[in-house]
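Quick notes on the structure that follows.
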Amino acid sequence: MKKLIPLFAAIAFTFASTLQAAHHKDMTPDTLIHVVTVTWKPEATEAQIQAALDGVVTLGKAYDGITRVWTKTVKAQGERTHAFVMEFKSEAALEAYAGSDAQKAWYEVYIPYRQRSTTFDITN
């Protein structure tokens, strides 16, 4: 039995290492998130702002390279009152999105009311 203890320990260590590697992979996906914080023009109405944010959802459905979107700002600091996030399948999907017909269509409901924005593109 004493000879089996190191074997069981090695099996347990291997199993734990495999689980940890799988968990790490789950925590660090290969997708890319496009985070945008926005300050709206003073004259932008709540309806116009909501239309622009709804447009992010429409864009996510229209553009194949986008896998998920987030549009509900829970907390904001400073002058940026809203934020939204788009998750892209890859960095290449984001690059293909830039200047696409889908982006141009969404910009028609977004750009007229945006005063300023800051963008962060993040991946692993």
Side-chain angles (χ1 to χ4, degrees):
M1 183 65 165
K2 287 184 180 181
K3 292 181 180 180
L4 292 177
I5 291 175
L7 176 62
F8 287 136
I11 291 170
F13 177 77
T14 301
F15 181 71
S17 296
T18 302
L19 286 178
Q20 184 179 16
H23 177 69
H24 178 72
K25 181 64 177 164
D26 290 343
M27 296 301 293
T28 57
D30 296 329
T31 57
L32 178 141
I33 58 171
H34 179 70
V35 181
V36 181
T37 60
V38 183
T39 300
W40 303 102
K41 291 180 178 177
E43 64 273 13
T45 67
E46 286 300 318
Q48 292 165 330
I49 291 169
Q50 190 58 54
L53 295 172
D54 290 347
V56 176
V57 176
T58 301
L59 176 61
K61 293 175 182 176
Y63 186 75
D64 184 53
I66 297 173
T67 58
R68 295 182 186 104
V69 299
W70 293 260
T71 59
K72 181 181 176 185
T73 300
V74 175
K75 179 181 178 184
Q77 296 177 323
E79 68 178 34
R80 303 289 197 265
T81 58
H82 291 78
F84 57 86
V85 176
M86 297 179 216
E87 181 180 21
F88 286 82
K89 290 180 179 179
S90 64
E91 194 170 343
L94 173 68
E95 290 171 7
Y97 161 76
S100 68
D101 289 342
Q103 183 190 46
K104 289 174 186 174
W106 176 64
Y107 271 14
E108 290 179 18
V109 296
Y110 170 60
I111 296 297
Y113 309 110
R114 181 195 75 178
Q115 179 172 322
R116 186 176 324 158
S117 63
T118 302
T119 302
F120 295 90
D121 296 323
I122 306 161
T123 191
N124 290 304

query = Does the side-chain contact (heavy atoms from CB on, under 4.5 Å) test come out yes or no for T123 and D30, once each step is laid out?
reply = CA-CA 7 Å; T123 191; D30 296 329; 5.9 Å; no
Test log, rule side-chain contact (heavy atoms from CB on, under 4.5 Å), inputs I49 and H82 = CA-CA 9 Å; I49 291 169; H82 291 78; 3.9 Å; yes
remark   = Going by chain and number, the hydrophobic cluster around I33 (ILVMFWY, side chain to side chain under 4.5 Å) further includes V35, W70, V85, F120, I122
inquiry  = My understanding is that only residues two or more places apart in sequence, or in another chain, count here; which of them pass ring-ring contact (aromatic ring centres under 6.0 Å, His included) with Y97?
reply    = Y63, F88
query = Considering only heavy atoms from C-beta outward, does the side chain of T73 approach that of F84 to under 4.5 Å?
reply = no
query = Of all residues at least two apart in sequence or in a different chain, which pass the side-chain hydrogen bond (donor to acceptor under 3.5 Å, both in side chains) check with T39?
reply = R80
ask   = Which residues pass the side chain to side chain contact (heavy atoms under 4.5 Å, CB included) test with E95, sequence neighbours left out?
value = E91
Set of residues satisfying salt bridge (charged side-chain N to carboxylate O under 4.0 Å, His left out) with respect to E79, sequence neighbours excluded = R116
request  = List in chain and number order the residues that pass side-chain hydrogen bond (donor to acceptor under 3.5 Å, both in side chains) with T81, two or more places apart in sequence or in another chain; answer none if no residue qualifies.
outcome  = none
query = Just how far is it from atom CG of D121 to atom CE of M86, taken to the nearest 0.5 Å?
reply = 10.0 Å
task = Given side-chain contact (heavy atoms from CB on, under 4.5 Å), test Q48 with Y113 step by step and report yes or no.
result = CA-CA 7 Å; Q48 292 165 330; Y113 309 110; 3.2 Å; yes
task = Give a yes or no on this: more than 12 heavy atoms of other residues, nucleotides or ligands lie within 6.0 Å of atom CD of E43.
result = yes
key: By side-chain hydrogen bond (donor to acceptor under 3.5 Å, both in side chains) - contacts of K89 (at least two apart)   = D64
Show me, pair by pair, the donor-acceptor contacts under 3.5 angstrom made by side chains of residues 50-60, not counting sequence neighbours?
{"residue": "Q50", "atom": "NE2", "partner": "D54", "partner atom": "OD1", "Å": "2.8"}
{"residue": "T58", "atom": "OG1", "partner": "D54", "partner atom": "O", "Å": "3.3"}

task = Assess whether side-chain contact (heavy atoms from CB on, under 4.5 Å) is satisfied between E87 and I66, documenting all intermediate values.
result = CA-CA 6 Å; E87 181 180 21; I66 297 173; 5.8 Å; no
request  = Mind checking side-chain hydrogen bond (donor to acceptor under 3.5 Å, both in side chains) for Q103 and listing every partner two or more places apart, or none if nothing turns up?
outcome  = Y107
request  = Please examine the side chains of S117 and T37, heavy atoms only from C-beta on, and report whether any two atoms are closer than 4.5 Å.
outcome  = no
inquiry  = With a sphere of 6.0 Å drawn around CG of D101, does it hold more than 12 non-hydrogen atoms of other residues, nucleotides or ligands?
reply    = no
